[in-house]
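Below is one structure, written out as C-alpha cells, with a few remarks after it.
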Amino acid sequence: MTERGTGEVVRLGGTSGVDQTAVRRANLARVLDEVRRGEVVSRADIATRSGLTKATVSSLATELIDRGLIRETGLRRDGAVGRPGRALELDGGGITALGLEINSQYLAARGTDLAGRVIVERRLGFDAIHADPGTTLDRLAGLARDAVAELAGSASSFLAGIAVAVPGLVDAENGRVRYAPNLEWRSTPIAEALRDRLGSDVPIVVDNEANLSALAELHAMPHPAADLVYLTGEVGVGAGLITGGRLLRGSGGFSGEIGHIPVDLDGQVCGCGRRGCLETKIGLPAVLRAAAPDLVDREADPQDQAHALRQRAEDGGPEAMAGFDEIGRWLGIGVSMLVNLLNPEVVVLGGYLGTVAPYLVPAAMRELRARAVAGDEAACRITASTFGFSAAVRGASSIVIEEIFGDPLRIPAAEKAAD
C-alpha cells in the first residue's frame, strides 16, 4: 500500500510502474500545492497537513527542488524544541508559461512564471475578420516568438507550454477550431500550424476564449464560486460555464454557445447564418447601433469602442441611455436562460459588457427577476469581470501553470532542463 497526496491509501496490487508513477505524481502535486497555499512552509507543516510521512515529504520536496518548482529559504523552528528546519516556498522563476489570444480585432500574448508574475504582456491590433487563417497564424507566431525570446531571459528558463484562446467551437483534444463564425474559420488546426511556424516541440493547447476567461475569473476569486457563468462581450457572445468548481465542456467540448441561441425569429441575420441569435441583440455591434451609432466601425479596437461607450453612458445622453436599457433587457433574457438551466451563483460580464456593466445590470436584473422560474432565490449576482479584455489571455497562461501544479513531472529535473 502507498500513500496518496490526498491522504488516501492506494493499493498497488503489485509493482506496476504505471501505478507507482501515478502515485508519485499525485504526491508531488500534493506537496507542491501545500507550498503554494502556505506561501512559506516547512516539511513538517506539509507532513501534518497532507498525512504523508516526514520521510516521504522530504524525498518529494527534494525532487521538487531539483525540478526548480520550489526552493529552500531560511531556517524555521516549528516548536520550542528540536532542530530548526528549512522553510519551503515556490520557486519557478525559471519555469514559464505563455498564453496567446486570437480576437476578431487583436492578438495578445501574456507570459508568466510559476508564481504568476507577469514577464511579458503584449497586444497587437490586427483585423482577423478580414484575414485568412494562415495570415492570422503567421502574425500570431511572430508575436509568440517575440514573447518566447523575452521569457527566455536566462539559460535556465524552461517554457512549460503555450495555450491559445480562440473565439469559436474548439476541439481541445486535437487543438483544432471546428467553427469560428465571426472569423469564418472552419476545421483550422491551430496547434499544429503554430507548432510548425515556431519550430518547437513545446506543448500547445487550444481552447475557447470564454472557457479560459471563466477559469481566469475563478482563479482570481478569494473564495471561488462553485457555479459561475462568464459571458464574453465583444463582436461575439459566448459563455464559459463552471459547475461544481469545474469547467463544463459538454460531450464534444462545444458547450457555452449562448450567443447563438435564437431569441428573436424576426431579428437580424447572425454571423452563424441564423436569424435573431442573442449575439445580434447584445454583441458589441448591437450596443453600438443602439447607444452610439456614430461609433460603429467593425475595424476599430473593441476595447477602445467599449471605453467610448462608457463615456457616452457617463455623459447621460438620452439616445445612449435608451440604448443601454434595451441592451440590458436582452442581456437579462439571455441570463435568465442560464439561470433557469444552470442556477449559477454569479454571472460575470466580460469584454465591453463588463466595461459598461453599471448601465446594463439594472435592466438585466429586472428582466431576470421576471423570468427566473424559481423567483428571487435563483436571481444570482451579475458582476463585471475583474480582468476585462485581458481575461482570455490570462486564462490561457494560467491553465499551463495549473497543469504544472497538477502534474509536476511535466517539468524535467534541473540537469535536463539545461540541455
Side-chain angles (χ1 to χ4, degrees), residues 96-112 120-152 158-213 215-216 232 234-236 238 240 247 249 252-254 256-257 271-272 299 302 389-401 403 410:
T96 58
L98 178 61
L100 301 172
E101 179 185 1
I102 299 172
N103 191 277
S104 61
Q105 293 297 332
Y106 64 84
L107 305 174
R110 186 174 192 267
T112 69
V120 56
E121 196 160 24
R122 298 186 180 187
R123 196 167 183 272
L124 172 69
F126 179 76
D127 182 4
I129 293 177
H130 295 107
D132 61 82
T135 301
T136 300
L137 290 168
D138 285 343
R139 296 296 295 274
L140 185 70
L143 183 64
R145 274 190 221 96
D146 291 343
V148 170
E150 195 164 339
L151 289 172
F158 178 80
L159 180 60
I162 297 173
V164 187
V166 186
L169 297 173
V170 175
D171 178 354
E173 184 175 346
N174 296 305
R176 178 182 294 269
V177 171
R178 290 292 182 88
Y179 180 41
N182 292 307
L183 301 180
E184 297 185 3
W185 289 11
R186 293 182 183 272
S187 195
T188 306
I190 302 293
E192 178 185 342
L194 192 57
R195 191 177 295 112
D196 290 345
R197 284 164 169 79
L198 295 177
S200 170
D201 59 358
V202 172
I204 298 176
V205 298
V206 182
D207 209 334
N208 173 267
E209 61 168 351
N211 287 344
L212 295 175
S213 297
L215 291 173
T232 62
E234 300 191 25
V235 173
L247 192 63
R249 293 184 178 278
F254 307 142
E257 290 298 318
C272 71
E299 297 184 11
F389 284 85
S390 71
V393 74
R394 285 172 178 268
S397 61
S398 74
I399 64 165
V400 177
I401 298 299
E403 285 183 0
R410 285 172 52 103

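Residue indices begin at 1 and follow the sequence shown.
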Item checked: Residues that Ala391 engages under side-chain contact (heavy atoms from CB on, under 4.5 Å), provided they are two or more places apart -> Ser213, Glu217, Tyr230, Ser385, Phe387
Note to self: Would you compute the distance between atom CG of Asn211 and atom CZ of Arg249 and round it to the nearest 0.5 angstrom?
What the structure shows: 5.5 Å
Notebook entry, point to check: Looking only at heavy atoms, what is the nearest atom pair of Phe389 and Glu234, with distance?
Noted result: CD2-OE2, 3.4 Å
Notebook entry, point to check: Can you tell me how far the CG atom of Leu212 sits from the CD1 atom of Ile399, to the nearest 0.5 Å?
Noted result: 5.0 Å
Next item on the list: To the nearest 0.5 angstrom, please state how far the CD atom of Glu257 sits from the SG atom of Cys272.
Entry: 9.0 Å
Next item on the list: Measure across Ser397 and Thr112 and return the closest heavy-atom pair with its distance rounded to 0.1 Å.
Entry: OG-CG2, 4.1 Å
Next item on the list: Could you pull out the closest heavy-atom pair between Ile190 and Trp185, with the gap in Å?
Entry: CD1-CZ3, 3.6 Å
Item checked: Shortest non-hydrogen separation from Gly134 to Asp132 and the atoms involved -> N-OD1, 3.0 Å
Next item on the list: Quick one: pull up CD1 in Ile129 and CD in Glu184 and give me the separation to the nearest 0.5 Å.
Entry: 9.0 Å
Check: What are the two closest heavy atoms between Gly395 and Ser398, and how far apart are they?
Finding: O-OG, 2.9 Å
Next item on the list: Please step through side-chain contact (heavy atoms from CB on, under 4.5 Å) for the pair Val164 and Leu140, ending with a clear verdict.
Entry: CA-CA 10 Å; Val164 187; Leu140 185 70; 4.2 Å; yes
Checklist line | Side-chain heavy atoms of Asn182 within contact of Pro167, under 4.5 Å | finding: no
Margin query: Quick check on side-chain contact (heavy atoms from CB on, under 4.5 Å): which of Leu198, Val205, Val206 does Ile162 satisfy it with?
Written below: Leu198
Next item on the list: Examine distances only and state if a side-chain atom of Asp207 and a backbone atom of Ala165 form a donor-acceptor pair shorter than 3.5 Å.
Entry: no
Next item on the list: Using the side-chain contact (heavy atoms from CB on, under 4.5 Å) rule, pick out the option among Leu137, Val393, Thr136, Leu100 that qualifies with Leu107.
Entry: Thr136
Indicate every side-chain donor-acceptor pair of residues 172-179 with a distance under 3.5 Å to a residue at least two apart or in another chain.
unit_1: Asn174; atom_1: ND2; unit_2: Asp171; atom_2: OD2; d: 2.7
unit_1: Arg176; atom_1: NH1; unit_2: Ser187; atom_2: O; d: 3.2
unit_1: Arg176; atom_1: NH1; unit_2: Ser187; atom_2: OG; d: 3.1
unit_1: Arg178; atom_1: NH2; unit_2: Asp171; atom_2: OD2; d: 3.0

Note to self: With side-chain contact (heavy atoms from CB on, under 4.5 Å) as the criterion, how do Arg123 and Asn103 come out once you've worked through the C-alpha distance, each side chain's angles and the decisive distance to 0.1 Å?
What the structure shows: CA-CA 10 Å; Arg123 196 167 183 272; Asn103 191 277; over 6 Å; no
Notebook entry, point to check: Do you know the tightest heavy-atom contact between Thr232 and Gly238?
Noted result: OG1-N, 2.6 Å
Report all side-chain donor-acceptor pairs from residues 143-151 shorter than 3.5 Å, counting only partners two or more places apart or in another chain.
unit_1: Arg145; atom_1: NH2; unit_2: Arg197; atom_2: O; d: 3.1
unit_1: Glu150; atom_1: OE1; unit_2: Arg122; atom_2: NH2; d: 2.7

